[in-house]
Protein chains: 2
Amino acid sequence: MAERIEGLRLPRTQRRQQILAAAAQAFAETGFHGTSLADVATRVGVSQPGLLHHYPNKQALILAVLEERDEVQTHYLDELFRGQDPSVVDWLTALCARNVEQPELVRLYTVTAAESLDPAHPAHEYFQNRYQRIRGVIARRIVLDQEKGRFAPTVDPEGLASELIALMDGLQLQWLMQPPVDMCRLLEASLQRLAAGPDGAVGAVRQGGARRDG
Amino acid sequence: MAERIEGLRLPRTQRRQQILAAAAQAFAETGFHGTSLADVATRVGVSQPGLLHHYPNKQALILAVLEERDEVQTHYLDELFRGQDPSVVDWLTALCARNVEQPELVRLYTVTAAESLDPAHPAHEYFQNRYQRIRGVIARRIVLDQEKGRFAPTVDPEGLASELIALMDGLQLQWLMQPPVDMCRLLEASLQRLAAGPDGAVGAVRQGGARRDG
DNA sequence: GTCTATAAATCGATAGAC
DNA sequence: GTCTATCGATTTATAGAC
C-alpha cells in the first residue's frame, strides 16, 4: 500500500535517491516545464519544501537526474564490454537491448532532449555536450572498426556516428509512441544492411579497407 | 519597427493567421507546457483575452497550429510531384531539402512530438495518427518501388518506412541542436547506402526483385 | 474584434518552527 | 530532515464594457 508517513526522517543519501527516482519518472512523463515540484514531492511522499531541502531548485533537480542516469548507463556498458573491443554494431545492439528494458529512461532522454533545444532550457548545455560526447564515442569505435577492415576507409566516422545516433533516437521515439514498433529488430535490420553494403565488411574488403591487415 | 497598435481591429481570418504564425514560433521554441498564452498574445500584438477570442483555449490553439502546418506541407509535396511517381529516395530527399529551409517548422514537430508521448498531452492523439499516416504513405511508396525493382521483394515496407522516418527525425534533432550537422548530406549518404546494398536496386535485381519486368 | 479587470488556481521559492 | 505557512509571480480562463 506504500502509505505516506508524514514527517518520517530518512538518511540523506537514501532520500536523495528516492527523489531522483521520482523526479526521473515525472520528467520522463511530462518534461521539465510540464512537471511541478509538487508532483515530484507527492511521488516521494514528502512536502514540496522538503524536496527543496535536498535540491535547491528545479534546475538542480533535473540536472542531477540526468547526470546520475548517465553514470549508471555508462557504468553498465563499460562493465558489459570490459576487456573486449566490440564493433559499433555489437555495441549499439547491446545498447538497444538495454534500452528496451528501460522505457522510462529512454523517454526521459527523448522528451528532455527535444525540450532542451531551447537555449533557455536548464538542460540545454547538458544535451549539447552529451550529443557531442556520444558522437565522439561512436566515431572512435567506427575508426577502430575501419582499422580492422569492418568498414571502408572512405566512410566518414563522425557522419556515420550521427546517422546511427539519429536512427536510434528516431526508433526510440516511435517505439515509445507505438510500442508494437520493434525498435531493436529495426535497428538490427539497418545495421545488417550497413555491414553488407558497399561501405560494410564485404565492401570494405573490396575497396581495400582491410588491405593493411593482409 | 513593427510597433504594436493597441485595439487595432483586423479581419477575422487575417488575425487568425497572425496568431497561428506566432503560436507556431512559440510552441516550437518552448513546447506546449513551456509556452503561455500571454507569450503568444504579445508576439501577435494583442491582449491575452483577445487571443482567446479566436481560439477558445490553449489546446485548440496548438491543434490548429499543427493541423494548419500539416496542410501546407502536404500541399507542397503534392504539388512538387504532381503527375510524377517519385521513388522513396527522391521523395525523402525533396522533403529534407524542404525541411532545411524551415527550421522553425521542424523544431515545432520535433519538440511537440516528444512532448506528446504523455497520454494527457493535448496533441497525443494527433501524433499517434500522424505517425501512422506517414508510415503508411512511405510504406506504400516503398511497395511501388519494389514493383519497379528498386527494392528487393523481401524488404518489409512498414519496417523500412519506420527506419527511414526514424533516421529523418533523429537527424533533425541533431541538426537543430548543432546546426553544423548537415542533415540532408547525411540522409543522402544513408539512402545511397540503402540503394547500393543487398536490398536496394542492385541487390533487388540480384535477388530477383525485378524479374517481373524483364 | 479587442480591451480592462479579475477570478481562481498553481507555480517556484523562502522563513521559521520542530 | 521535514514540516506549515506564506509570499509573489504567473497561469488559464471568464465577465463585461466599448
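These numbers come from a predicted model, not from an experiment. Naming: A, B, ... by sequence-line order, numbering from 1 per chain.
- Dashed line: the shortest gap from a side-chain N or O of B:Ser47 to OP1 or OP2 of C:dC3 is under 4.0 Å.
- Atoms CD1 (B:Ile62) and C1' (D:dT12) sit 15 Å apart, rounded to a whole Å.
- Checked against salt bridge (charged side-chain N to carboxylate O under 4.0 Å, His left out), B:Asp90 has no partners two or more places apart in sequence or in another chain.
- Listed by first and then second residue, the salt bridge (Lys or Arg N to Asp or Glu O under 4.0 Å) pairs that reach into residues 172-194 of chain B are A:Asp156-B:Arg185, A:Glu163-B:Arg193, A:Asp199-B:Arg193, sequence neighbours excluded.
- Contact between the side-chain N/O atoms of A:Arg15 and the OP1/OP2 oxygens of D:dT2 is found at a separation under 4.0 Å.
- A:Gln102 and A:Arg107 share no donor-acceptor pair across their side chains, judged by distance under 3.5 Å alone.
- By the side-chain hydrogen bond (donor to acceptor under 3.5 Å, both in side chains) test, A:Thr30 pairs with A:Thr35, sequence neighbours left out.
- With sequence neighbours excluded, the residues that form a ring-ring contact (aromatic ring centres under 6.0 Å, His included) with A:His33 are A:His121.
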What is the per-nucleotide protein-contact pattern of nucleotides 12-18 of chain C, from the 5' end, where B denotes a base atom under 4.0 Å from a protein heavy atom, S denotes such proximity for sugar-phosphate atoms only, and - denotes neither? BBB----

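- In this structure, the CG atom of A:Leu10 is 10 Å from the P atom of D:dC3, given to the nearest Å.
- Distance B:Tyr55 OH to C:dG1 P: 12 Å, rounded to the nearest Å.
- For A:Arg15 and A:Gln18, the side-chain atoms include at least one donor-acceptor pair closer than 3.5 Å.
- Recorded end-axis angle for the helix from C:dG1-D:dC18 to C:dC18-D:dG1 stands at 0°, based on five pairs per end and rounded to 10 degrees.
- Across residues 114-125 of chain A, not one residue has a non-hydrogen atom less than 4.0 Å from an atom of DNA chain D.
- Listed by first then second residue, pairs satisfying side-chain hydrogen bond (donor to acceptor under 3.5 Å, both in side chains) with a partner in residues 54-69 of chain B read B:Gln17-B:Glu68, not counting sequence neighbours.
- Rounded to whole angstrom, the span from the CD atom of B:Gln18 across to the C1' atom of C:dT2 amounts to 13 Å.
- For residues 29-51 of chain B, the pairs satisfying salt bridge (Lys or Arg N to Asp or Glu O under 4.0 Å) are B:Glu29-B:Arg43, with sequence neighbours left out.
- With sequence neighbours left out, the salt bridge (charged side-chain N to carboxylate O under 4.0 Å, His left out) criterion links B:Glu115 to no other residue.
- Side chain of A:His53, nearest nucleotide from C:dT4, D:dT2, C:dG1: D:dT2.
- Residues that satisfy the salt bridge (charged side-chain N to carboxylate O under 4.0 Å, His left out) test with B:Asp145, not counting sequence neighbours, are B:Arg150.
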Which pairs of donor and acceptor atoms, one on a side chain in residues 71-78 of chain A, lie under 3.5 Å apart (sequence neighbours left out)?
{"unit_1": "A:Gln73", "atom_1": "NE2", "unit_2": "A:Asn99", "atom_2": "OD1", "d": "3.3"}
{"unit_1": "A:Thr74", "atom_1": "OG1", "unit_2": "A:Asp70", "atom_2": "O", "d": "2.9"}

